[in-house]
Amino acid sequence: MTEAATKANGSSPPPETMAWDSRSRRVVMVYVPLACFVLILLFPFYWMTITAFKPNAELYDYKRYNPFWIGSPTLDHLYMLLFETAYPRWLWTTMLVAVCATVLSLVSSTLAAYAIQRLRFRGSGYVGLAIYLAYLVPPSILFIPLATMVFQLGLFDTPFALILTYPTFLIPFCTWLLIGYFKSIPYELEECALMDGATRLQILRRITLPLAVPGLISAGIFSFTLSWNEFIYALAFIQSSENKTVPVAILTELVTGDVYQWGALMAGSLLGSLPVALFYSFFVDYYVSSLTGAVKE
Amino acid sequence: MADVSIRQARKSYGSTKVLHGVDVSIGDGEFVVLVGPSGCGKSTLLRMIAGLENITEGEIAIGGKVVNTVPPKDRDIAMVFQNYALYPHMTVRENMAFSMMLAKAPADVIEAEVQRAAKILGLDVLLDRYPRQLSGGQRQRVAMGRAIVRDPQVFLFDEPLSNLDAKLRVQMRSEIKELHQRLKVTTVYVTHDQIEAMTMADQIVVMNGGRIEQSGAPLDLYDTPANLFVAGFIGSPAMNLLSGRVRDGAFHADGGAVMPLPPGAPPTATTYGIRPEHLRLDDAGIAASIIVVEPTGSETQVSLNIGETHLLGAFRERVMGRHGDTLMISPDLDLVHLFGPDGRRL
Ligand SMILES: Nc1ncnc2c1ncn2[C@@H]1O[C@H](COP(=O)(O)OP(=O)(O)O)[C@@H](O)[C@H]1O
Ligand SMILES: [Mg+2]
């Protein structure tokens, strides 16, 4: 009742004389800065898009053609990418690796975060700390020992090499994100469920996880994006052209000697960023609410 | 339904001792209120009964069976939490059905039980709402509904009314009491509000600093408080407690007041207690000077000084007077409480 009342109050239009004043202030304070940000952030994306559809003649001659526009758009680069390289295969591998690594990391870090935050076993604080420290070791150092392990296990040059190594940086990150999220769910709810006769697993499945969905989604988005864009491990652990992931493949396969096939490169990047962009757009609301720590009653 | 007995229960968190040996025995169907200032260990004791905290030492038995190592779900107990702890992602119906669903009861039995509880509490029309769409009082009722549905041996309440506004609190207070009279389930109710305790309890257990100060029927505690703590805690407005000593058959308070004693009063008394409502207007009494007069309509509370000794009086009569005026009062000698140097009643 009161909520509805305040809402109605808040959205009631201000007096006529105020309207102009507040609108022009909104333009200066909000929209102009916002427009600047959007322009700067979207420009690379725009550049990528026009480069992908420009014929080579326009691409290499800024004097006669406007570099910010396309004179006669072409699908040549896209055609070459899709039919003259293994791009669809790369895309498929990347998708497979990202999805598997994400699922694996989410499951493990949910269990780890729940145990650390809720079960309070002896030394749980140290386990939490150790996981965090693992996150601080940079991949550029970690890939050397990992390479040995990948070789020994016979995983070199297979998608498993990536599916199993990505969680080394995904799990610590997701675990910490989820610890924070579980912390925001009142413990009383679980005690109440305990008295209602639920087991630990039932509590996790029926109470905690449904309430942690926004946290799980943002951990998922993070993991997916990081796996999708990962470069060092993918470069080190994969050799054959057809097993490569998109970020590595377009750099190693589309740069022949010192010739950059800019059109195809950009077309590859464009196609490669579409899945992530789609993924974000579906879940952006959850993502924001979990990052700002909004806990619904 | 069952009786609950707590024998020499102790609780410590590491080296911090929270409960120092507590004995309570609760009869079948009784409504017991644990009352005491914040931090005295009431919730801890309640959670030990529920099985949410383990028992460091001592025993808790429900229905004659020691439950020290029995997990909460097997104790057949329902608890209403201070913040209600309603599951936010479930409707009222689902909230109430949750425990039965876990127990794998048939759907029609669940629905019938939910309807029964909803009818008792007037929740019929709210069954498909989510907790966030309910008012404070409605949430409170859902929390109770969830407890009723389970038809438990014992109800536990942990300060269930502290989040409600004053008016709703009074209303819910009598609803809970009425519910108890109807269902006759053994109930343990925790509060820091002595009025709640007085109005609701069959038996009050007054706790302080992890110990029980006194337990008994509300009016027994009011009439014969066992010690200074209970004397000061039970009753509103609080009892006047004057320190001083007995000399020449009267009590000489530190501030200079000389109070009459009942015949045969022990000479070792060091505290003189008289409730504000047991002071009478009496032309032959002691002269006191008025500080403030506060009429409430049904009675008049007057803040008084006798010499330097401060007293509060509550009179049925409408006292007229202003700061500095003199009022003649005398204590009702049958209702004077005397306490020794150890704080115990003499
Ligand atoms: N988990 C805990 N660890 C340490 N001390 C605690 C814990 N829970 C409660 N306490 C202490 O026990 C005492 C009693 O707490 P509690 O039972 O909640 O009091 P109340 O009577 O207000 O309900 C308090 O002093 C509190 O600080
Ligand atoms: Mg408490």
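What you see below is based on every heavy atom in this structure, not just the backbone, and it leaves out hydrogens, waters and symmetry mates. The sequence lines fix the lettering, A, B, ..., with proteins before strands; numbering per chain opens at 1. Remember, predicted model here, so these are calculated numbers, not experimental data.
With contacts defined as side-chain heavy-atom distances shorter than 4.5 Å, the pair A:Glu191/B:Arg47 qualifies. Considering only heavy atoms from C-beta on, B:Lys73 stays 4.5 Å or farther from A:Leu194 through its side chain. Looking at A:Pro186 and B:Asn83, their side chains never come closer than 4.5 Å, going by heavy atoms from C-beta outward. Looking only at side-chain heavy atoms (C-beta outward), B:Leu52 and A:Met195 come within less than 4.5 Å of each other.
Judged by distance alone, the side chain of B:Tyr87 and the main-chain N or O of A:Arg206 form no donor-acceptor pair under 3.5 Å.
From A:Asp196, atom CG reaches atom CE of B:Met79 across 12.0 Å, with rounding to the nearest 0.5 Å.
No more than 12 heavy atoms of other residues, nucleotides or ligands sit less than 6.0 Å from atom NZ of B:Lys17. Around atom CD of B:Gln133, more than 12 heavy atoms belonging to other residues, nucleotides or ligands sit under 6.0 Å away. For A:Phe121, the CZ atom sits in a packed shell: over 12 heavy atoms of surrounding residues, nucleotides or ligands are nearer than 6.0 Å. No more than 12 heavy atoms of other residues, nucleotides or ligands lie within 6.0 Å of CZ in A:Phe282, so this atom counts as exposed by the packing criterion. Counted within 6.0 Å of CZ on A:Phe279, heavy atoms from surrounding residues, nucleotides or ligands total more than 12; the atom is thus considered enclosed. Within 6.0 Å of CZ in A:Arg26 there are 12 or fewer heavy atoms belonging to other residues, nucleotides or ligands.
With a 4.5 angstrom heavy-atom cutoff, B:Arg146 touches chain A only via side-chain atoms. In this structure, chain A has a heavy atom under 4.5 Å from the side chain of B:Phe98, while its backbone stays farther away. Proximity to chain A (any heavy atom under 4.5 Å) is shown, for B:Ala50, by both the backbone and the side chain. For chain A, no part of B:Met100 is nearby; none of its heavy atoms comes within less than 4.5 Å. Only the side chain of A:Gln202 comes within contact range of chain B, with at least one heavy atom under 4.5 Å from a heavy atom of that chain.
The shortest non-hydrogen separation linking B:Leu102 to A:Gly197 is CD1-C, 3.8 Å. Here the closest non-hydrogen pair linking A:Cys192 and B:Ala85 is SG-O, 4.0 Å.
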Show me the donor-acceptor pairs, under 3.5 Å and distance only, between side chains in residues 126-137 of chain A and residues at least two apart or in other chains.
none

Criterion side-chain contact (heavy atoms from CB on, under 4.5 Å) on B:Met90 and A:Ile207, from CA distance to verdict = CA-CA 9 Å; B:Met90 298 185 194; A:Ile207 309 290; 3.8 Å; yes
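A search for salt bridge (Lys or Arg N to Asp or Glu O under 4.0 Å) contacts involving B:Glu59 returns B:Arg7, not counting sequence neighbours.
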